Engineer: 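Would you mind keeping the following structure in view while I ask a few things?
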2 protein chains.
Amino acid sequence: MNLKELATKLGLSPTTVSRALNGYPEVNEATRERVVAAAKRHNYHPNTRAIRLATGRAMAVGHVIPIATRHEIVNPVFADFIAGAGECYSRNDYDMVLSVVPDEDEDATYRSLKSKGNVDGVIVHAPRMNDPRIPLLRDIGLPFVVHGRATGTAEPYCWLDVNNRRAFQRATEFLLDLGHTRIGLVNGLEFMDFAIRRRTGYVDALTARGIVPDPSCMASGEMTEIAGFRAAQAMLALPRPPTAILASSMISGMGVRRAIETAGLVLGRDVSVIIHDDDLSYMKNGEDVPIFTATRSSVREAGRLAAEMLLDVIAHPEAGPQQRLLEAELIIGQSTGPAPRT
Amino acid sequence: MNLKELATKLGLSPTTVSRALNGYPEVNEATRERVVAAAKRHNYHPNTRAIRLATGRAMAVGHVIPIATRHEIVNPVFADFIAGAGECYSRNDYDMVLSVVPDEDEDATYRSLKSKGNVDGVIVHAPRMNDPRIPLLRDIGLPFVVHGRATGTAEPYCWLDVNNRRAFQRATEFLLDLGHTRIGLVNGLEFMDFAIRRRTGYVDALTARGIVPDPSCMASGEMTEIAGFRAAQAMLALPRPPTAILASSMISGMGVRRAIETAGLVLGRDVSVIIHDDDLSYMKNGEDVPIFTATRSSVREAGRLAAEMLLDVIAHPEAGPQQRLLEAELIIGQSTGPAPRT
DNA sequence: TTGAAAGCGTTACCAT
DNA sequence: ATGGTAACGCTTTCAA
């Protein structure tokens, strides 16, 4: 059943039927009701492909995932973000198209998405310092919102970010308050913008208490279990090992936990741990499981907001760049452990 | 730059240009070269929306993720599958559209995807026994491939599955060979088809050695850390606790590891563990990290194959249902641990 | 308040 | 081997 057939059945023109269904004000209410009823009765659904051609809009947004960032798509946080964004798209009749591409093809993917008209805009994931994608997208005129920020970018652009600096500052302060003075940082790759900010927060908190950050207690690497494991293992083998560790992701946090185990130490007794981007809801939100602590960043909410921003930008390209900073929700369980044993 | 403009520039008709670009045989080779060169020179890219309307094909495939299966999208295995499928789509100029929907809307989503013509087919994730989605998709005539199987479904349908039964049978046999006789199973929800098969494999292996499966050593629950933690904790508190545990997913496996820790036991010494759907590549593939063991199911490859099957089904709907069973790759590290201490 | 008709940018059929 | 033209199923002027 298409528009023409439905119109014929109703003895109306396609124009009127289209207007009635799309809520145009100039159509008689009685007519509208008749049309809506008939549409429902005949199970009429407008063909998306025709709408897209006629309106010149794709009614779709893209999420490009470079394959090299494999730990990114594998990161549960990424999934939460996608789920949040997806909610927004469904509500607005937009499709979410996911492109998984080798990273050397990422540029080409954006260009093609734009020139073939597959999407109206994109969300940029995992920004780095001076991220080349931002000028590229501006150049080719594809609307975008960045999840995170790209330090070094000259022109203003749309972004939505969690306050990573503040989150790590607070987590560090929390550990300092417990009496820890040797605190390790197991960070992500520090060409990633979020990782730089996290380190800054950590360093700031230490410095504010007169503690000089010790490079041997600061690691940066991929957010994989093995990287977390090795980083923590190295720290624990130091002459003066840390009594607490701050881990940057759920996955590398597993490695940290594992390293503590392997060293014959007990988490929450010998070593306290805070894992960022981990999510108590995986452990049943609200229950304070005695060995687990997290900074929950409400990434799903971030996904929803980023999607809303993007649809907004697409609808009103003339408005200036929107920018939002979310405060991470810090959740501390008893698991963080007590003061360090001396 | 669109087809008409390009044609005008070349002094040809749009028809010929289209044919030249799409590799039709009836066009003069010299002409084709001229056209291809001009297309490249003018950076011409055919408009996908127009192609879609003209051909009546969506050039897109849907993946519907019910929100209730949140641990599904969060499951790293799901991400790997998606990545594999995405590779195939890119190669074939198909879009992958991801719909994240409340599970009570799942039916409506499939219907809408079909009637609005957004996709040419879908991949069905996480099938259950007598899964209602399969008759539904058949009814509405939307081509599909199931990742997994749905026991109880009468009519034949397309599926691709990992041999879960065999994988768990082999893993159990491996532990039995090491001398374990008390082996725990921390399984997924057993209305999920894969979980039923995994239990069957486990039970079969035990039975074949004359061991009667002990219900108190068999748990079934969500594949979350807390569920795995509780299940393992309960088993370890038994008068005769298991000396080895088989876990059904990376995430619940974390909970199992945690429970072992909490009980003051040492993994690989007091309790051996095999985690299915875990992937040594997260720990750097090829290195035998001493505390980690996995059955690797090559899910990415499965995603690729499933996508290929679907495109095949879309192109040749008349061909009968294809069905493929993949053998899971079993990887055992030294981490599995030695024979049980008596 | 309604309708006719011209797009939107391709493909595909029928001529030539 | 090439071209004219009618689809594809909508939206959107412009007229009435």
Side-chain angles (χ1 to χ4, degrees), chain A residues 1-36 38-39 42-60 93-95 112-120 315, chain B residues 1-36 38-39 42-60 93-95 112-120 315:
Chain A
M1 168 72 50
N2 63 22
L3 187 63
K4 206 157 112 188
E5 291 166 3
L6 183 62
T8 309
K9 238 180 247 295
L10 282 162
L12 289 169
S13 75
T15 313
T16 304
V17 176
S18 169
R19 280 197 276 238
L21 259 18
N22 289 306
Y24 281 64
E26 66 259 33
V27 51
N28 187 311
E29 264 318 310
T31 309
R32 188 194 306 281
E33 277 167 31
R34 214 159 59 87
V35 171
V36 169
H42 294 97
N43 195 31
Y44 167 72
H45 293 268
N47 183 303
T48 305
R49 299 191 293 265
I51 294 177
R52 286 173 170 162
L53 181 57
T55 59
R57 296 179 308 168
M59 300 300 288
D93 262 311
Y94 268 74
D95 277 351
S112 147
L113 246 26
K114 166 69 178 184
S115 56
K116 308 207 294 185
N118 288 34
V119 303
D120 296 318
Chain B
M1 170 71 52
N2 63 23
L3 187 64
K4 207 156 110 187
E5 291 164 4
L6 183 62
T8 308
K9 240 179 246 292
L10 282 162
L12 288 169
S13 76
T15 313
T16 303
V17 175
S18 170
R19 279 196 277 239
L21 259 19
N22 289 304
Y24 281 65
E26 66 258 35
V27 49
N28 186 314
E29 266 317 310
T31 310
R32 189 195 306 282
E33 277 166 31
R34 212 159 60 86
V35 170
V36 169
H42 294 97
N43 195 30
Y44 165 73
H45 292 268
N47 183 303
T48 305
R49 299 191 293 265
I51 294 178
R52 285 172 170 163
L53 181 58
T55 59
R57 296 179 308 168
M59 300 301 288
D93 262 310
Y94 268 73
D95 277 351
S112 147
L113 245 27
K114 167 69 179 180
S115 57
K116 307 206 294 185
N118 288 35
V119 302
D120 295 318

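Since this is a predicted model, take the numbers as computed values, not measurements. Per chain, numbering begins at 1; letters A, B, ... match sequence-line order.
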Engineer: Between D:dT2, D:dC10, C:dT10, which nucleotide gets closest to the side-chain atoms of B:Asn2?
Structural biologist: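 Of the candidates, C:dT10 comes closest.
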Engineer: Do A:Asp95 and B:Lys116 sit within salt-bridge range, that is, some charged N less than 4.0 Å from a carboxylate O?
Structural biologist: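 B:Lys116 and A:Asp95: not salt-bridged.
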Engineer: Mind checking A:Ile51 for me? I need base, sugar-phosphate or nothing, with any heavy atom below 4.0 Å counting as a touch.
Structural biologist: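 Counting heavy atoms under 4.0 Å across all strands, the contact made by A:Ile51 is with sugar-phosphate only.
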Engineer: If I take atom CD in residue A:Glu5 and atom C1' in nucleotide D:dC10, what distance separates them, rounded to the nearest angstrom?
Structural biologist: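 Checked: the CD to C1' distance equals 13 Å.
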Engineer: Kindly say if A:Thr16 contacts the phosphate of C:dG3, meaning a side-chain N or O under 4.0 Å from OP1 or OP2.
Structural biologist: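 Answer is yes, contact under 4.0 Å.
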Engineer: May I have the distance from A:Arg49 (atom CZ) to D:dC10 (atom C1'), rounded to whole angstrom?
Structural biologist: 12 Å
Engineer: So does B:Pro14 get a backbone contact from the side chain of B:Ser18, meaning a donor-acceptor N/O pair under 3.5 Å?
Structural biologist: no
Engineer: Would you tell me if any nitrogen or oxygen in the side chain of B:Asn22 comes within less than 4.0 Å of OP1 or OP2 on C:dT11?
Structural biologist: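 Result: yes.
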Engineer: Look at A:Thr55 and D:dT12 and indicate whether a side-chain polar atom (N or O) is within less than 4.0 Å of OP1 or OP2.
Structural biologist: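 A:Thr55 to D:dT12 OP1/OP2: no side-chain N or O under 4.0 Å.
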Engineer: Please give, in whole Å, the distance from C:dT11 C1' to B:Leu6 CG?
Structural biologist: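 My rounded result for the distance is 16 Å.
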Engineer: Look at all strands and tell whether B:Gly11 reaches a base, only sugar-phosphate, or nothing, counting heavy atoms closer than 4.0 Å.
Structural biologist: sugar-phosphate
Engineer: In whole Å, what is the span from the CZ atom of B:Arg34 to the P atom of D:dT2?
Structural biologist: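 It is 9 Å, rounded to the nearest whole Å.
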Engineer: Which residue lies toward the 5' end of DNA chain C, A:Glu29 or A:Pro14, if each is placed at its nearest nucleotide?
Structural biologist: A:Glu29
Engineer: Hey, is the main chain of A:Leu113 close enough, under 3.5 Å, to the side chain of A:Asn118 for a donor-acceptor pair?
Structural biologist: no
Engineer: Strictly distance-based, threshold 3.5 Å: is any side-chain N or O of A:Arg49 a donor or acceptor partner for the main-chain N or O of B:Gly117?
Structural biologist: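 A pair under 3.5 Å: yes.
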Engineer: Closest approach to the side chain of B:Glu26, judged atom by atom: which nucleotide of C:dT11, D:dT12, D:dA1 is it?
Structural biologist: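 Of all the options, the side chain of B:Glu26 is nearest to D:dA1.
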Engineer: Please report, rounded to the nearest Å, how far the P atom of D:dG3 is from the CG atom of B:Leu10.
Structural biologist: 10 Å
Engineer: Count the heavy atoms belonging to other residues, nucleotides or ligands that lie under 6.0 Å from CZ of B:Arg32, then report whether that count exceeds 12.
Structural biologist: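 Yes, the 6.0 Å shell around CZ holds more than 12 heavy atoms from other groups.
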Engineer: Between C1' on D:dT12 and CG on A:Leu3, what's the gap in Å once rounded to a whole number?
Structural biologist: 13 Å
Engineer: So, does A:Asn22 use its side chain to make a donor-acceptor pair with the main chain of A:Tyr24 at under 3.5 Å?
Structural biologist: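 Not at all, since once roles are kept as given, no pair shorter than 3.5 Å links the two residues.
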Engineer: Nearest nucleotide by nearest heavy atom, which residue falls closer to the 5' end of DNA chain D, B:Ser13 or A:Pro46?
Structural biologist: B:Ser13
Engineer: If you compare every side-chain N and O of A:Tyr44 against the phosphate oxygens of D:dC10 (OP1, OP2), does one of them come in below 4.0 Å?
Structural biologist: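 True: A:Tyr44 side-chain N/O within range (under 4.0 Å) of D:dC10 OP1/OP2.
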Engineer: Respond yes when some side-chain nitrogen or oxygen of A:Tyr24 is under 4.0 Å from OP1 or OP2 of C:dT2, and no when none is.
Structural biologist: no
Engineer: What integer distance in Å separates A:Lys4:NZ from D:dT11:C1'?
Structural biologist: 15 Å
Engineer: Regarding C:dA12, can its base be found pairing with the side chain of B:Ser18 as donor and acceptor, where the two atoms are less than 3.5 Å apart?
Structural biologist: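 No pair found.
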Engineer: Can you find a donor-acceptor N/O pair under 3.5 angstrom joining the side chain of A:Arg19 to the base of C:dG3?
Structural biologist: yes
Engineer: Between atom CE in A:Met59 and atom P in D:dC10, what is the gap in whole Å?
Structural biologist: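 Answer to the nearest Å: 14 Å.
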Engineer: Between C:dT10, D:dC10, D:dT2, which nucleotide has the shortest distance from any of its atoms to the side chain of A:Ala54?
Structural biologist: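 Given the options C:dT10, D:dC10, D:dT2, the side chain of A:Ala54 is closest to D:dC10.
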